[in-house]
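None of these values were measured; they are calculated from a predicted model.
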Amino acid sequence: EMWYVGKSASSASISALLKDMDVLNPTQLRAVMNHLVAKNISGFMSDLDTVTNSTYTSHGAYLIHVLADVVNLLSNNTTSIGRATSPDGITWTKSPANTAVLSASSGTWDQFGTDSPSVIRNSDGSYQMWYTGYGVDIMAATGIIGASTPADIDNIIASAVNIAIGHATSANGTTWVKDTNPVLTKGTGSAWDKNGVATPTVVRDGNNYQLWYTGVNLSVTNLANMM
């Protein structure tokens with residue numbers, strides 16, 4: 001048996017984001033990014049105002065519009081988990097009707113997608129799955145409009161982005177029941193995994209379990225320091 005990730009993409013939502021991002025030509029984009037690298041947020045916002053005022057009333061209006069595009073992109077481009085079976089590990093057959101067996105749940109912590117399954121079969125024939133779930137707090141993300149330093153942006157991203165590891169159980173490997181809350185969550189403060197934990201690999205060790213995972217750390221400050 002195999003559990004895999006399938007992705008669905010909406011060309012319309014991708015096109016909308018690219019169209020709005022295209023307000024900045026390469027020269028203008030380099031100029032505003034130079035301000036960001038120099039930690040000059042006021043210069044970044046000022047240049048962004050100059051570039052976007054022909055289309056939007058302010059950098060705030062522009063960023064809100066792009067944020068709406070991103071939210072729409074996330075909502076229409078999700079990842080789900082499917083299942084396939086094989087008699088030899090080479091030739092695989094997807095589950096009937098090729099339907100996802102574990103998908104995002106609207107209004108929950110993993111509303112923007114499920115990914116990276118790690119499955120164990122129990123001694124009674126039932127299954128356990130650990131998976132990556134994606135969530136974004138849209139209201140927290142809008143705080144980026146008022147950010148004044150790269151550190152402010154880092155804090156807002158850390159607050160808004162929620163990538164965590166969830167757990168689900170199944171009697172047959174096809175119908176799954178998720179736990180309500182994630183079982184492993186992102187770190188706090190300046191932790192190396194402050195933006196999320198992902199891609200679990202689980203091994204049963206006697207009566208115990210071990211889990212290895214990827215930590216996510218998205219930092220504008222680090223990006224600026226590298227450039």
Side-chain angles (χ1 to χ4, degrees), residues 1-15 17-18 70-136 161-187 191-219:
E1 291 175 287
M2 174 199 297
W3 289 263
Y4 64 92
V5 176
K7 301 179 185 290
S8 103
S10 163
S11 59
S13 55
I14 295 172
S15 296
L17 176 60
L18 292 177
V70 171
V71 172
N72 188 47
L73 183 64
L74 289 170
S75 299
N76 291 288
N77 297 271
T78 59
T79 57
S80 298
I81 295 169
R83 175 179 175 268
T85 56
S86 171
D88 56 10
I90 303 298
T91 303
W92 291 89
T93 302
K94 295 178 180 178
S95 292
N98 189 23
T99 55
V101 298
L102 197 75
S103 300
S105 300
S106 179
T108 67
W109 69 272
D110 63 358
Q111 64 180 323
F112 289 123
T114 56
D115 203 338
S116 310
S118 179
V119 177
I120 285 178
R121 187 175 185 181
N122 300 316
S123 58
D124 64 359
S126 63
Y127 298 84
Q128 296 185 74
M129 177 193 292
W130 292 262
Y131 66 95
T132 304
Y134 299 94
V136 178
V161 175
N162 182 29
I163 304 171
I165 293 173
H167 175 259
T169 55
S170 173
N172 56 17
T174 300
T175 302
W176 291 86
V177 178
K178 297 178 184 177
D179 291 5
T180 301
N181 298 310
V183 295
L184 192 69
T185 57
K186 62 186 179 182
W192 66 279
D193 57 359
K194 67 179 182 180
N195 294 120
V197 292
T199 58
T201 297
V202 178
V203 172
R204 190 185 350 246
D205 182 12
N207 293 326
N208 299 313
Y209 298 84
Q210 295 189 62
L211 184 152
W212 292 263
Y213 67 95
T214 301
V216 183
N217 190 328
L218 308 172
S219 173

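- Closest non-hydrogen pair, Asp124 versus Ser126, comes out as OD1-OG, 2.6 Å.
- For the pair Thr214 (side chain) and Thr199 (backbone), a donor-acceptor distance under 3.5 Å is absent.
- Pairing each heavy atom of Pro182 with each of Ala164, the nearest pair is CB-CB, 3.7 Å.
- Put simply, CZ on Phe112 and OG on Ser106 are 9.0 Å apart, with the number rounded to the nearest 0.5 Å.
- Looking at every heavy atom in both residues, Tyr131 comes nearest to His167 through CE2-N, 3.6 Å.
- Within 6.0 Å of CG on Asn207 lie no more than 12 heavy atoms contributed by other residues, nucleotides or ligands.
- Contact between Ala168 and Lys178 at its shortest, heavy atoms only, is CB-CA, 3.9 Å.
- Listed here is the closest heavy atom pair of Ile165 and Trp130: CG2-CB, 4.3 Å.
- Shown are Gln210, Gln128, Arg121; of these, the side-chain contact (heavy atoms from CB on, under 4.5 Å) with Arg204 is made only by Gln128.
- With values rounded to the nearest 0.5 angstrom, Thr169 atom OG1 is found 13.5 Å from Ile120 atom CD1.
- Once rounded to the nearest 0.5 Å, the distance linking CG of Leu184 with OG1 of Thr132 reads 10.0 Å.
- Asp110 and Gly133 get closest at one heavy-atom pair: CB-CA, 3.8 Å.
- Annotation: side chain to side chain donor-acceptor pair (under 3.5 Å) contacts of Thr93 (sequence neighbours excluded): none.
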### Task
Test side-chain contact (heavy atoms from CB on, under 4.5 Å) on Ile81 and Trp176 and set out the steps.
CA-CA 11 Å; Ile81 295 169; Trp176 291 86; over 6 Å; no
### Task
Take Asn195 and Lys186 through the test side-chain contact (heavy atoms from CB on, under 4.5 Å) and record every step on the way to the result.
CA-CA 6 Å; Asn195 294 120; Lys186 62 186 179 182; 5.7 Å; no
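- In this structure, CG in Asp193 is found 8.0 Å from CG in Asn217, a value given to the nearest 0.5 Å.
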### Query
For Trp109 and Thr185, what are the C-alpha separation, side-chain angles and deciding distance, and is it a side-chain contact (heavy atoms from CB on, under 4.5 Å)?
CA-CA 11 Å; Trp109 69 272; Thr185 57; over 6 Å; no
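- Applying the side chain to side chain donor-acceptor pair (under 3.5 Å) criterion to Ser116, with sequence neighbours excluded, gives no partner residue.
- Looking at Thr114, its side chain does come within 3.5 Å of a backbone N or O of Leu102 through a donor-acceptor pair.
- Using bins of under 30°, 30° to 60° and over 60° for the plane-to-plane angle, the ring pair Trp192/Tyr213 lands in the parallel bin.
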